[in-house]
Amino acid sequence: MDGDAGLFTPDSVTWHLHGDPIMWIAGIRALYLQALHPRAVRGVMENSDFRSDAWGRLMRTANYVRTTIYGTTEDAERAGARVRKIHSMLGATDPDTGERYGVDEPGLLLWVHCAEIDSYLHVARRSGIPLTDAQADRYVAEQRARARLVGLDTHAVPGDRAALAAYFASVRPLLAVGADARAVDDFLLRPSTHPLLIPAREVLWRRVAHLAYASLPPYAHALYGRPAPEPAVVTRRLRATGTLLRCVPARLRWQLPPKHILDAIVRLGPDARPAPYKVGR
């Protein structure tokens with residue numbers, strides 16, 4: 001490979017994990033989880049247009065994630081700088097105290113990061129991607145590179161599954177479901193869409209959102225106030241969904257804009273093609 005592989009390389013767990021289509025469901029799970037932090041979700045509610053531009057917001061988020069993983073080093077650093085600049089200009093009001101705060105508070109950035117990484121790893125493994133515990137720990141450690149991009153001190157970011165679990169245990173007393181989290185919950189089940197697409201939303205999207213929600217940890221179900229589904233049933237559904245999604249040829253899936261994976265393969269050569277079975281080779 002003569003090209004610039006970026007912050008991650010085809011030798012990383014991250015490279016191969018994020019080429020899998022199940023990551024879309026993991027991303028939705030992350031949104032449900034992130035909404036449980038009152039200050040974090042308040043920052044989204046005051047500064048985001050997600051309710052009027054749901055699909056645009058989703059695609060911009062996906063574009064950022066794939067740029068940081070499959071783009072060149074310059075692409076990733078530029079994307080991170082842009083996010084840091086935007087965050088530095090945004091603030092929100094604490095729903096309980098009325099205090100104004102910046103959305104780039106390290107504690108909030110860390111929550112968003114950890115909720116995202118936990119969701120990606122949890123859904124990937126539960127859907128049938130064969131990661132060993134060592135490879136899962138390696139993935140968590142690799143993601144510190146993306147945490148740095150948003151302005152976090154990498155030494156303060158969990159570097160393995162045990163540290164990630166300890167972080168969630170420490171932050172759980174801060175979590176709650178208020179009006180903002182309820183709004184996110186309702187939105188994820190019924191995102192705004194063109195009237196002609198409403199039937200498809202009801203048939204397809206709701207199933208995806210329900211599965212993402214079902215994969216949340218038990219404490220999240222308790223906070224949202226809905227019974228936790230049977231874990232074995234959720235695992236079977238995730239495995240079936242992962243199997244179905246993986247039946248779609250990767251080349252076809254990767255044609256969706258902005259085509260970061262295809263660009264990376266062109267830049268680095270065919271051996272850079274992401275595939276979970278390559279992890280650890």
Side-chain angles (χ1 to χ4, degrees), residues 1-30 55-84 86 112-113 116-125 127-132 134-152 154 157 159 242-243 245-281:
M1 296 185 298
D2 297 325
D4 175 13
L7 300 185
F8 303 94
T9 73
D11 293 327
S12 67
V13 177
T14 296
W15 188 275
H16 298 290
L17 209 59
H18 280 266
D20 194 272
I22 201 69
M23 289 306 201
W24 286 95
I25 291 176
I28 299 168
R29 180 192 189 265
W55 307 114
R57 173 65 185 268
L58 183 63
M59 292 309 298
R60 287 191 295 274
T61 301
N63 177 47
Y64 173 78
V65 172
R66 292 213 166 177
T67 296
T68 60
I69 293 173
Y70 298 109
T72 64
T73 302
E74 182 181 358
D75 290 337
E77 295 292 351
R78 186 186 303 117
R82 184 164 56 248
V83 166
R84 293 194 303 274
I86 292 172
V112 170
H113 172 81
E116 181 183 347
I117 301 316
D118 178 76
S119 294
Y120 285 140
L121 184 58
H122 179 87
V123 170
R125 299 188 84 184
S127 72
I129 295 179
L131 288 183
T132 66
Q135 290 164 347
D137 283 339
R138 183 177 158 197
Y139 173 76
V140 176
E142 289 172 357
Q143 289 304 304
R144 284 173 159 175
R146 290 186 57 234
R148 177 185 61 79
L149 289 179
V150 299
L152 283 167
T154 57
V157 178
T243 300
L245 291 174
R246 291 164 196 140
C247 288
V248 180
R251 277 275 174 178
L252 180 59
R253 289 190 272 107
W254 296 339
Q255 288 293 338
L256 291 173
K259 303 183 181 182
H260 289 306
I261 293 178
L262 291 179
D263 289 344
I265 294 172
V266 169
R267 189 172 76 248
L268 301 173
D271 288 343
R273 177 188 173 97
Y277 68 82
K278 293 183 178 180
V279 174
R281 279 175 38 176

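As the structure is a computational prediction, the values presented were derived from the model and not from experiment.
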If you apply the rule side-chain contact (heavy atoms from CB on, under 4.5 Å), what do you find for Leu268 with Tyr70, and how did you get there? CA-CA 10 Å; Leu268 301 173; Tyr70 298 109; over 6 Å; no
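- In plain terms, the two heavy atoms of Arg246 and Ile129 that are nearest each other are NH2-CG1, 3.5 Å.
- Put simply, the side chain of Glu116 reaches to within 4.5 Å of the side chain of Val65, judged on heavy atoms.
- Note that CG of Leu121 is 8.0 Å distant from CE of Met23, once rounded to the nearest 0.5 Å.
- The heavy-atom pair separating Leu252 from Val248 by the smallest distance is CD2-CG1, 4.0 Å.
- Side chains of Thr14 and Tyr120 form no contact here, defined as non-hydrogen atoms less than 4.5 Å apart.
- For the atom pair CD1 (Ile25) and OG (Ser127), the distance works out to 8.0 Å, reported to the nearest 0.5 Å.
- Contact record, Pro130 with Gln135: O-OE1, 3.8 Å, taken as the closest heavy-atom pair.
- In this structure, OG1 in Thr68 is found 8.5 Å from NE2 in His260, a value given to the nearest 0.5 Å.
- Side-chain contact between Phe8 and Arg146 is present, with at least one heavy-atom pair separated by less than 4.5 Å.
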Should Glu142 and Val13 be marked as a side-chain contact (heavy atoms from CB on, under 4.5 Å) after you check the CA-CA gap, both sets of side-chain angles, and the distance that decides it? CA-CA 8 Å; Glu142 289 172 357; Val13 177; 3.7 Å; yes
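- Checked by atom type, the side-chain pair Arg82/Thr67 shows no donor-acceptor distance below 3.5 Å.
- Among all heavy-atom pairs drawn from Ala147 and Val157, the shortest one is CB-CG2, 3.8 Å.
- Look at Glu77 and Arg148 and you find a salt bridge, because one of the NZ, NE, NH1 or NH2 atoms lies within 4.0 Å of a carboxylate O, short of that distance.
- Side-chain atoms of Trp24 never come within 3.5 Å of backbone atoms of Ala62 as a donor-acceptor pair (strictly under, hydrogens ignored).
- Ring centroid separation for the pair Tyr139 and His18 comes in under the 6.0 Å cut-off.
- Classification of Arg267 and Asp4 as a salt-bridged pair fails, no side-chain N sitting under 4.0 Å from a carboxylate O.
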Evaluation steps, side chain to side chain donor-acceptor pair (under 3.5 Å), between Thr154 and Arg144: CA-CA 6 Å; Thr154 57; Arg144 284 173 159 175; 5.9 Å; no
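- Using a 4.5 Å heavy-atom cutoff, the side chains of Leu17 and Ser12 are not in contact.
- Gly19 and Ile261 make their closest contact through CA-CD1, 3.9 Å (heavy atoms, listed as atom of the first residue, atom of the second, distance).
- In this structure, Leu131 and His16 have side chains that are not in contact, with every pair of non-hydrogen atoms separated by 4.5 Å or more.
- Looking at every heavy atom in both residues, Leu262 comes nearest to Gln255 through CD1-NE2, 3.5 Å.
- When side chains are defined from C-beta on, Leu7 counts as touching Leu149, because their heavy atoms get closer than 4.5 Å.
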